[in-house]
Amino acid sequence: MPELPEVETMRRGILGAVGGTIVSLESCRCRRRPITIQPELSVIRRRIQGALVTDVRRVGKRVVLCTSAGFVVVEPRMSGLVTIAEPPTREHLRLRITLQNCALREILFWDRRGLGVVRLMSAAQLDELSRTRLGPDALEISPDELRHRLAGSRRPIKVALLDQARLAGVGNLYASEILHRARIDPRQECQRLTAPQWLLLHGAMRKVLQEAIRHEGSTLADGTYRNTLSQLGSYQAQHAVYDRAGETCNRCRRGTIVRIVQAQRSTFYCPTCQPAAIGKGNANRR
DNA sequence: CATATGTCCTGAGAGC
DNA sequence: TGCTCTCAGGACATAT
């Protein structure tokens with residue numbers, strides 16, 4: 001599922017659109033229910049045709065095509081893919097943006113599950129989204145800000161990392177990887193993390209996300225995620241814990257990775273590398 | 001306000 | 001073989 005590294009890979013993959021002009025934006029007539037498009041397609045098309053592409057940005061887990069007629073915000077959610085090559089299947093192709101006067105002929109949006117959303121937004125709407133729905137980007141946030149935005153909460157740190165309104169970009173897969181790297185128990189309450197742990201967490205988050213970007217994201221067993229050229233990502237080979245329940249931890253070589261469920265989502269961790277914090281009660285007991 | 005839960009959706013795999 | 005069931009999870013709406 002596209003998280004920050006996958007979406008950043010999509011962004012970089014369509015940078016060639018900058019300087020180009022949008023010729024058309026059309027829904028691909030597949031038998032499937034069309035993805036959510038706001039406002040309706042005919043309205044977007046009327047506004048966007050002939051617009052100049054000025055930039056391609058990433059806002060959390062969304063790709064944003066910046067144009068002279070507004071911002072095309074693509075939200076891949078579970079199974080969405082931005083591609084410029086042959087998508088995994090024909091039948092789940094949802095949207096085609098045709099370009100001219102630039103390196104790319106077209107940008108496609110493919111989505112097997114169809115939960116993705118494409119919106120044309122004004123600068124004010126995009127600003128509103130970033131301000132009210134999203135916290136600072138995981139690759140831009142400072143150590144202090146990370147701590148201040150999450151520290152007060154009683155939720156488990158793993159659950160808090162997924163809250164896009166607090167911190168934008170981290171999803172279920174990378175949350176487990178980051179906590180393993182930081183040697184923090186995913187069940188630990190935010191308010192009980194120590195100052196050194198917050199620092200460790202910040203460093204681990206940067207390391208994991210940057211490394212994952214270098215590998216162009218993670219393609220899981222379902223094979224859905226690809227880069228914009230339809231090639232597999234390679235970060236899955238570097239996963240220390242995600243989807244590795246039952247395996248021996250490669251770092252400590254002693255612990256066995258376990259899977260637990262937090263907020264209806266799988267969490268993977270190594271109980272040996274990521275020991276449970278000693279509770280207050282236990283600390284005082286003799 | 002913070003936190004928890006239900007919903008959308010499809011394809012894979014389990015179990016009978 | 002072929003059916004039904006369960007599960008995966010990002011973002012958002014709704015409930016507590």
Side-chain angles (χ1 to χ4, degrees), chain A residues 1-10 27-28 30-38 58-64 73-82 87-95 109-119 121 125-126 128-135 137-138 148-179 186-192 209 212 217-226 233 236 239 241-245 259-268:
Chain A
M1 37 292 147
E3 303 181 24
L4 188 152
E6 289 77 21
V7 176
E8 177 62 19
T9 303
M10 295 176 195
S27 158
C28 300
C30 47
R31 278 173 285 142
R32 315 266 161 181
R33 157 191 164 277
I35 53 157
T36 302
I37 299 179
Q38 292 171 346
R58 180 182 57 77
V59 175
K61 299 176 193 171
R62 296 161 168 91
V63 185
V64 182
V73 179
V74 179
E75 209 178 309
R77 299 210 179 177
M78 294 302 301
S79 59
L81 214 54
V82 172
T89 64
R90 274 275 151 208
E91 63 171 327
H92 300 103
L93 202 50
R94 311 284 179 157
L95 201 68
F109 184 67
W110 177 93
D111 189 351
R112 189 206 294 160
R113 293 185 189 170
L115 298 177
V117 179
V118 174
R119 294 187 178 92
M121 301 177 90
Q125 286 172 315
L126 182 59
E128 151 98 7
L129 169 74
S130 331
R131 263 200 354 267
T132 66
R133 301 271 195 204
L134 301 173
D137 191 85
H148 288 132
R149 290 192 67 91
L150 301 182
S153 168
R154 291 187 307 279
R155 301 143 103 189
I157 182 60
K158 156 66 167 24
V159 177
L161 284 175
L162 300 183
D163 185 345
Q164 301 300 299
R166 304 242 162 215
L167 172 72
V170 176
N172 198 53
L173 188 164
Y174 292 103
S176 284
E177 292 298 317
I178 289 164
L179 288 169
R187 301 165 301 175
Q188 189 164 347
E189 284 182 16
C190 291
Q191 60 181 3
R192 300 183 65 175
L209 295 176
S218 303
T219 300
L220 303 182
D222 67 5
T224 292
Y225 169 74
R226 311 292 176 93
Q236 63 279 5
H239 291 176
V241 289
Y242 187 82
D243 208 15
R244 293 193 181 281
R259 171 186 180 269
I260 60 172
V261 174
Q262 298 180 285
Q264 289 90 242
R265 270 128 178 92
S266 300
T267 300
F268 298 88

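Because the structure is a prediction, the values reported are computed rather than measured. Each chain gets a letter, A, B and so on, in the order its sequence line appears, and its residues count up from 1.
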Engineer: Nearest whole angstrom, please: distance from the C1' of B/dT10 to the CH2 of A/Trp110.
Structural biologist: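 Roughly 10 Å, once rounded to whole Å.
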Engineer: Give the rounded distance in Å between these two atoms: NZ of A/Lys158 and C1' of C/dG10.
Structural biologist: 12 Å
Engineer: Would one find a side-chain N or O of A/Arg166 under 4.0 angstrom from OP1 or OP2 of B/dA2?
Structural biologist: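 Checking A/Arg166 against B/dA2: at least one side-chain N or O falls below 4.0 Å of OP1 or OP2.
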Engineer: Separation of A/Asp111 atom CG from B/dC9 atom P, in whole Å?
Structural biologist: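 In whole Å, B/dC9 P and A/Asp111 CG are 12 Å from each other.
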Engineer: Is A/Arg155 salt-bridged to A/Asp163, going by a charged N under 4.0 Å from an acidic O?
Structural biologist: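 A/Asp163 and A/Arg155: salt-bridged.
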Engineer: Starting at CG of A/Leu134 and ending at P of C/dG10, how long is that distance when rounded to a whole Å?
Structural biologist: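 Between P of C/dG10 and CG of A/Leu134: 14 Å.
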Engineer: Kindly compute the distance separating CZ (A/Arg94) from OG (A/Ser27), expressed to the nearest 0.5 Å.
Structural biologist: 9.5 Å
Engineer: In whole angstroms, how far is the P atom of C/dG9 from the CZ atom of A/Arg113?
Structural biologist: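 Interatomic distance, CZ of A/Arg113 to P of C/dG9: 9 Å.
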Engineer: Can you work out whether A/Asp222 or A/Pro156 has the more 5'-proximal nearest nucleotide on DNA chain B?
Structural biologist: A/Pro156
Engineer: I'd like to know if A/Arg58 and A/Asp137 make a salt bridge, using a cut-off of under 4.0 Å between side-chain N and carboxylate O.
Structural biologist: yes
Engineer: Under 4.0 Å between a side-chain N/O of A/His92 and OP1 or OP2 of B/dC9, yes or no?
Structural biologist: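 No, A/His92 has no side-chain N/O under 4.0 Å of OP1/OP2 on B/dC9.
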Engineer: Below 4.0 angstrom, N of the basic side chain to O of the carboxylate: do A/Glu75 and A/Arg62 qualify?
Structural biologist: yes
Engineer: Is there a donor and acceptor pair, one atom on the side chain of A/Arg62 and one on the base of C/dG10, closer than 3.5 Å?
Structural biologist: no
Engineer: Mind calculating the distance between CE (A/Met1) and P (B/dA12) to the nearest angstrom?
Structural biologist: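 To the nearest whole Å, that distance equals 17 Å.
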Engineer: Is the phosphate of B/dT5, meaning OP1 or OP2, less than 4.0 Å from a side-chain N or O of A/Gln264?
Structural biologist: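 Yes.
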Engineer: From C-beta outward on A/Gln164, which listed nucleotide comes closest to its side chain: B/dG11, C/dA11, B/dC9?
Structural biologist: C/dA11
Engineer: Under 4.0 Å between a side-chain nitrogen and a carboxylate oxygen: does that hold for A/Glu189 and A/Arg192?
Structural biologist: no
Engineer: Considering every strand and a 4.0 Å limit on heavy-atom distances, what is the contact class for A/Arg259: base, sugar-phosphate, or nothing?
Structural biologist: sugar-phosphate
Engineer: What's the CG-P distance between A/Asp163 and B/dT3, to the nearest Å?
Structural biologist: 9 Å
Engineer: If you compare every side-chain N and O of A/Ser266 against the phosphate oxygens of C/dG9 (OP1, OP2), does one of them come in below 4.0 Å?
Structural biologist: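 Checking A/Ser266 against C/dG9: at least one side-chain N or O falls below 4.0 Å of OP1 or OP2.
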Engineer: Any side-chain N or O of A/Arg133 less than 4.0 Å from the OP1 or OP2 oxygen of C/dA13?
Structural biologist: yes
Engineer: Verify the contact: side-chain N or O of A/Tyr242 to OP1 or OP2 of C/dG9, cut-off strictly under 4.0 Å; return yes or no.
Structural biologist: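 For C/dG9, OP1 or OP2 has a side-chain N or O of A/Tyr242 closer than 4.0 Å.
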Engineer: On the nucleotide B/dA2, are OP1 or OP2 found under 4.0 Å from the side-chain N or O atoms that A/Ser153 carries?
Structural biologist: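 Indeed not, no polar side-chain atom of A/Ser153 lies that close.
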Engineer: Ignoring hydrogens and geometry beyond distance, is the side chain of A/Arg155 in donor-acceptor contact with the base of B/dA4 at under 3.5 Å?
Structural biologist: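 No such pair is found, so the answer is no.
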Engineer: Check the distance between B/dG11's C1' and A/Leu81's CG and give it to me in whole angstrom.
Structural biologist: 16 Å
